There are 2 protein chains.
Amino acid sequence: MNIREVARLAKVSTATVSRTINGSDKVTPETKERVQRAIEELKFYPNTWARALGSGRSRLYGLIISDITNPFFPELVKSFEDIAVQNGQEVLVANTNYDPARMEQCVSRMLQRKVDGVAIMTSEMDPRLITEFQDRDIPLVFLDTGTAQKLTSNIVVDYASGVDAAVEHIVGLGHTEIAFISGPMMLRSARVRREAFVACLERRGIGAGLMEEGNHQVDGGHGAMERLLSRKTRPTAVLASNDMTAIGALGAIHESGLRVPEDISIVGFDDIQISAFTQPALTTVRLSRDEIARVAFRALYGIRQEGSKGAEYGVPTSLVLRSSTGRVPRDTTGKMREDAGLVRA
Amino acid sequence: MNIREVARLAKVSTATVSRTINGSDKVTPETKERVQRAIEELKFYPNTWARALGSGRSRLYGLIISDITNPFFPELVKSFEDIAVQNGQEVLVANTNYDPARMEQCVSRMLQRKVDGVAIMTSEMDPRLITEFQDRDIPLVFLDTGTAQKLTSNIVVDYASGVDAAVEHIVGLGHTEIAFISGPMMLRSARVRREAFVACLERRGIGAGLMEEGNHQVDGGHGAMERLLSRKTRPTAVLASNDMTAIGALGAIHESGLRVPEDISIVGFDDIQISAFTQPALTTVRLSRDEIARVAFRALYGIRQEGSKGAEYGVPTSLVLRSSTGRVPRDTTGKMREDAGLVRA
DNA sequence: TGATTGTCCGTAAGCGTTTTCGCCAAAACA
DNA sequence: TGTTTTGGCGAAAACGCTTACGGACAATCA
């Protein structure tokens, strides 16, 4: 079943069939109609590869992420796919599993599939691989890591305003002992979030906050929170570098016999789906994956379509208030902790 | 950059280049070596579509799921991709968003991309669309919905044994008032799970359990649990049709002032990632997505590779014990509920 | 030594599209 | 009526690969 059979049935040339499929050029409505009927009658689906071979465009866009299993990504993937499909394009998703070797493999796969553009949403990225794309004039877009050039764009998330809103909220509730559980410091996005927090406290003249390092996973948040709880001065509010970390912290607090938000307030970051369903529901800084996906696709597709250039795109963050934050407890010393422990025992 | 340039540099014919790329046939090690060097020197990446056009095989497999945002799927996608890539194949993921129209679109996309096989992991599926694949001799594999035929396989999950293990566990803890929150009854998998539960109780001579219908989402579980709590005879243990439902139930119980597992035990189904991190961690029936993905890919790839036939594949379920289940409370009447409420008030 | 076999490799014909020309007929003009 | 313009369409050459076929050559056999 190919374009020739359609042409034969419609009594036109293959060129005309191709033209009506591509909706382009000048084809008489009647001819177009005739061809359409033939296509439907034969249940003809044009072979995308052959189309790509002929036209030099694959209508395929690569989306490289660290790990689809990380709750941050599914929404991103979904939104990206949605908008791509809306524009008649396809998406090739690839997981690097945080592994540089896999990343190299992903790049190779993209190159072989001759994608029309790649969105790179991982933190780790060998610059050598980037040039591999750029040498072939393949548009790129990065999330927070990269710089706008000819055909490559960069999305910069406004972490600062989100962190600022969170701190303002916390401070407004009377908290002064505020801690931060960061992500792994080797990640740029983790560093940026942390720096935003430090800068924010400084700006407000609040002493440097307590710091612990997590790993952007639940277990890291759990461990970091345990360390925070064992300090002489316990924080009354904790900001986490992402929601997974916050969930881990929630668990650690729960196990220690303290309550959220009565004893300690928690703020997350990202607003992943489950954050609305934890006990208590997590107050968090929302980073719209939908927005990121939209911008990323536009950056890639627009370059091809409208011949635009690589650019920087900002995406905002916003505070989502739920139940994990509350007024600072009157007694903020370690004493209360013992009480709480006794109550449970 | 194409195979011809490689051939020129290596001073061989394009056929020889093709042969060494495909690792096949008889090519002298020296020639092969020479070609390899040329490929690396030119950073040549063979054009997959042209390969597909020439060979009639795309090395692409479709994976149709309902919604990547549903926590059940990401692991499935990841495992499927992993094993596909290990075998030198690619995966095209498509979301139907539970929408028949989108499903039709997905099918069309798969057909245009000339995938070598499709794994259909959605519940809703128009039989008319299935034949679209079968007419073109494209291997198919279904999850729990479908029947083995020429080139189409079916994976059947052993829900019964999982439910059985859960009920045995619960009964072993002394519970006799056991409720079940089902999924939407229009879903086959939801019906099967429910039937397994009913049959299991019957087999054990325990009276028909309390039933509520959820929607496999958190809010459905929440609502269903509220209804269960307002009954005259409150259950002491609740099985949920999936983990999302169980998480909703957890929330509702928490809000009512009761505790899990002291007052009510909860068992989920699926063992999605977050279930290990809820408060308390969820006892649940594990359904290995990894296993499903592995079997599904084999079913598709094996048919092509070893010329096998469509078949039925079973995958087991197993009980994961965590903290949401405990011994039946001594006083199981509504009285305790008031107490608990008072304590909280 | 001539015939036979087998190995390695090149030639060239596809695969299913797109797209550049250029042709033809009809419309517009003189 | 003859000439130019135009719009719709067909012929055919790509696109980059795979693969059937066959040729050249060396090794083996009678």
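Note that this is a predicted model, so its numbers are computed, not measured.
In this structure, the NZ atom of B/K32 is 13 Å from the C1' atom of C/dC9, given to the nearest Å. With rounding to whole Å, B/R4 atom CZ is found 14 Å from C/dA12 atom P. Between A/Y45 atom OH and C/dC15 atom P the separation is 23 Å, expressed in whole Å. One atom, CZ of A/R57, and another, P of D/dA14, lie 23 Å apart when rounded to the nearest Å. Rounded to a whole Å, the CD atom of A/E5 is 11 Å from the P atom of C/dC15. Taking atom CD1 on B/I3 and atom P on C/dG10, their separation rounds to 12 Å, with Å as the unit. One interatomic measurement links the two molecules: CD1 of B/I21 to P of C/dC9, which rounds to 15 Å at whole-angstrom precision. A straight line from CZ of B/R59 to P of D/dG16 spans 19 Å, rounded to a whole angstrom.
No engagement by B/V17 is indicated, since no non-hydrogen atom pair under 4.0 Å with the nucleic acid exists.
Note on residues 295-310 of chain B: no pairs pass side-chain hydrogen bond (donor to acceptor under 3.5 Å, both in side chains), not counting sequence neighbours.
Looking at B/E41 and B/R34, no side-chain N of the basic residue comes within less than 4.0 Å of a carboxylate O on the acidic one, giving no salt bridge. The existence of a salt bridge linking B/R294 and B/E75 is excluded, since no basic side-chain nitrogen approaches an acidic carboxylate oxygen closer than 4.0 Å. In this structure, B/K43 does not pair ionically with A/D135, as no charged nitrogen and carboxylate oxygen lie closer than 4.0 Å. Salt-bridge check for B/D116 with B/R59: failed, with every basic side-chain N at 4.0 Å or more from each acidic carboxylate O.
Across D/dG16, C/dT18, C/dC15, the shortest atom-to-atom separation from the side chain of B/A50 is found for D/dG16. The listed nucleotides are D/dC17, C/dT17, D/dC9; the one nearest the side chain of A/V27 is D/dC9. Closest approach to the A/L53 side chain among D/dT18, C/dT17, C/dG16 is made by C/dG16 (side chain taken as heavy atoms from C-beta onward). Closest approach to the B/T31 side chain among D/dC9, C/dC9, C/dG16 is made by C/dC9 (side chain taken as heavy atoms from C-beta onward).
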Can you give me the N/O atom pairs linking the protein to nucleotides 19-21 of chain D at distances under 3.5 Å, or say none if there are none?
none

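Nearest-nucleotide positions on DNA chain C place B/P29 closer to the 5' end than the other of A/A52 and B/P29.
Within the structure, a side-chain polar atom (N or O) of B/T28 is placed less than 4.0 Å from OP1 or OP2 of C/dC9. At C/dG16, one or more side-chain N or O atoms of A/N2 fall inside 4.0 Å of OP1 or OP2 (strictly under the cut-off).
For the residue pair A/E81 / B/N95, a side-chain donor-acceptor distance below 3.5 Å is found, with atom types taken as modelled.
Nearest approach of B/P71 to B/I272, heavy atoms of both residues: CB-CD1, 3.8 Å.
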